[in-house]
Number of protein chains: 2
Amino acid sequence: MPKKNTPVKMDPRVRRTRRILREALVALILEKDYASISIRELTDRAEVAYITFFRHYESLDQLLMEVLDEGMGELLVHIEVLAKQSDTSRLETEGRLIFEYIQQKGDLFRILFKSQSAARIRKSVVRNIAAVFQNSCAPLQRPNSQIPVKIAGNHMAISLLALIEWWIENRMSPPPSQMGKIYKALIIDATIGAVALA
Amino acid sequence: MPKKNTPVKMDPRVRRTRRILREALVALILEKDYASISIRELTDRAEVAYITFFRHYESLDQLLMEVLDEGMGELLVHIEVLAKQSDTSRLETEGRLIFEYIQQKGDLFRILFKSQSAARIRKSVVRNIAAVFQNSCAPLQRPNSQIPVKIAGNHMAISLLALIEWWIENRMSPPPSQMGKIYKALIIDATIGAVALA
DNA sequence: GACAATTGTTACACAGTATAACAAAAAGGA
DNA sequence: TCCTTTTTGTTATACTGTGTAACAATTGTC
């Protein structure tokens with residue numbers, strides 16, 4: 001299998017092949033069920049030899065993971081920026097920014113929610129987001145609180161992804177500004193209130 | 001394919017075969033990855049002929065769906081009972097009942113969360129639970145509310161399933177009574193508060 | 001231009017799905 | 001109990017998709 005060094009040092013043929021395979025997979029997932037896509041179908045679409053796929057990836061899942069990992073890291077950055085904003089008045093703006101980012105990378109998120117095989121990736125995304133929220137919740141917790149911060153963090157992370165999924169399925173309406181407000185009220189304020197009070 | 005009348009009128013051989021196949025699938029999923037289970041492996045385990053599987057089901061997914069549908073209906077009943085309880089003081093007890101039911105049907109829920117192919121079933125479960133919660137939220141909504149009840153219902157349904165999944169992964173601790181309290185504070189009270197206030 | 005790395009072509013072994021035809025066993029009614 | 005119907009088992013076969021091997025052709029790099 002060809003080396004996978006820094007993208008700069010990589011052989012241009014390898015870069016090209018992998019890019020073409022990623023693009024072909026994205027196109028195929030958006031037009032049909034992921035489970036029904038075969039490697040032969042992918043390589044035909046990408047116009048590369050069948051065996052070439054195996055020279056770069058062990059499975060379609062691995063290729064899918066490479067495609068999704070790309071964008072999920074960026075989402076996490078947005079959420080981290082948001083979480084560090086202790087200025088509550090700015091939270092709505094930051095919430096809006098999340099949904100504007102999703103709007104921009106629409107295809108990527110459509111794939112994340114569409115294909116069942118992305119479940120593993122969703123789980124790791126949830127874990128990363130949950131860790132961020134967990135840190136935000138920790139200082140608010142009272143000594144004998146009923147709600148463990150681990151549960152609160154997980155709750156917020158999954159709720160956010162669910163809200164994003166709902167939004168995408170509803171053709172991205174209402175607009176990001178409105179979604180930012182919903183996000184703040186339903187997930188941030190509600191959860192923080194529950195942790196602080198219970 | 002043999003007829004699928006009321007379970008009473010069904011041929012005893014058909015009832016037996018399908019029961020054995022269901023049991024074998026449950027056993028296999030609990031001990032290995034669902035995606036790696038082949039039909040031949042299933043029929044070997046069930047000690048029936050390979051072709052017999054196709055005389056009853058079109059795919060492993062269909063069999064899995066039959067297994068899960070069985071128990072998810074009952075869960076919904078518990079949640080409906082809970083939602084109709086307007087007496088807030090009793091909500092904790094009802095929340096406890098949900099987690100006691102899950103404790104009882106542990107294997108079923110482990111399978112629901114373990115296998116990616118159960119995603120479709122999870123979605124339909126979420127839809128059903130969301131509809132129940134949506135009705136609970138509707139009367140609380142103010143005229144120009146920021147949060148649509150559809151989002152609130154979806155949020156509560158997914159949060160509940162996430163809480164259940166977290167609980168199962170944590171070996172079902174804390175106990176159901178404690179989980180009932182967390183459920184009430186984090187999901188019911190927090191969401192209702194957000195809908196009524198925002 | 002020479003060498004190394006990557007890609008393409010062809011062939012093949014293998015596992016899993018799905019079906020057909022016929023034999024064996026079990027259920028149910030007279 | 002005998003007879004008929006239905007279900008299950010056995011064997012064979014076609015088909016699709018995965019994964020690898022050997023070697024030729026192409027492309028990148030020094």
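What's counted below: heavy atoms across the whole structure, side chains too, no hydrogens, waters or symmetry copies. Reminder, nothing fancy here: chain letters follow the sequence lines and each chain counts from 1.
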*Among C:dT7, C:dA18, D:dG9, which is the nearest nucleotide to the side chain of B:Ala49?*
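Minimum distance to the B:Ala49 side chain belongs to D:dG9.
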*Would you indicate which nucleotide in C:dT6, C:dA20, C:dT9 comes nearest to any side-chain atom of A:Asp11?*
C:dT6
Could you state the [atom1]-[atom2] distance from [X] to [N], rounded to the nearest angstrom?
| X | N | atom1 | atom2 | result |
| --- | --- | --- | --- | --- |
| A:Leu60 | D:dT16 | CG | P | 19 Å |
| A:Asp61 | D:dG19 | CG | P | 11 Å |
| A:Gln62 | D:dG19 | CD | P | 11 Å |
| A:Leu63 | D:dT18 | CG | P | 13 Å |
| B:Phe54 | C:dT17 | CZ | P | 6 Å |
| B:Ile39 | D:dG17 | CD1 | C1' | 15 Å |
| A:Arg16 | D:dT26 | CZ | P | 15 Å |
| B:Tyr57 | C:dA18 | OH | C1' | 18 Å |

*Relative to the ring of A:Phe109, is the ring of A:Tyr101 parallel (under 30°), tilted (30 to 60°) or perpendicular (over 60°)?*
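Ring orientation of A:Tyr101 relative to A:Phe109: perpendicular.
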_Aromatic ring pairing B:Tyr50/B:Phe54, orientation class (parallel under 30°, perpendicular over 60°, tilted between)_ = perpendicular
Indicate whether OP1 or OP2 belonging to [N] is found under 4.0 Å from a side-chain N or O atom of [X].
| X | N | value |
| --- | --- | --- |
| B:Ser38 | C:dA15 | no |
| A:Thr52 | C:dG8 | yes |
| B:His56 | D:dT8 | yes |

Kindly say whether, by distance alone, the side chain of [X] makes a donor-acceptor pair under 3.5 Å with the base of [N]?
| X | N | value |
| --- | --- | --- |
| B:Arg13 | C:dA27 | no |
| B:Arg40 | C:dA15 | no |
| A:Arg55 | C:dT6 | no |

_Counting C-beta onward and ignoring hydrogens, is there a side-chain heavy-atom pair between A:Leu68 and A:Val125 closer than 4.5 Å?_
no
*asked:* If you assign each of B:Pro12 and B:Phe53 to its closest nucleotide in DNA chain C, which residue comes earlier from the 5' end?
replied: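 Going by which nucleotide is closer to the 5' end, it is B:Phe53.
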*From B:Lys184, B:Lys181, B:Gln178, residue fulfilling side-chain hydrogen bond (donor to acceptor under 3.5 Å, both in side chains) relative to A:Gln146*: B:Gln178
*With rounding to the nearest 0.5 Å, note down the distance linking CG in A:Leu112 to CZ in A:Arg122.*
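If we round to the nearest 0.5 Å, A:Leu112:CG and A:Arg122:CZ are 6.0 Å apart.
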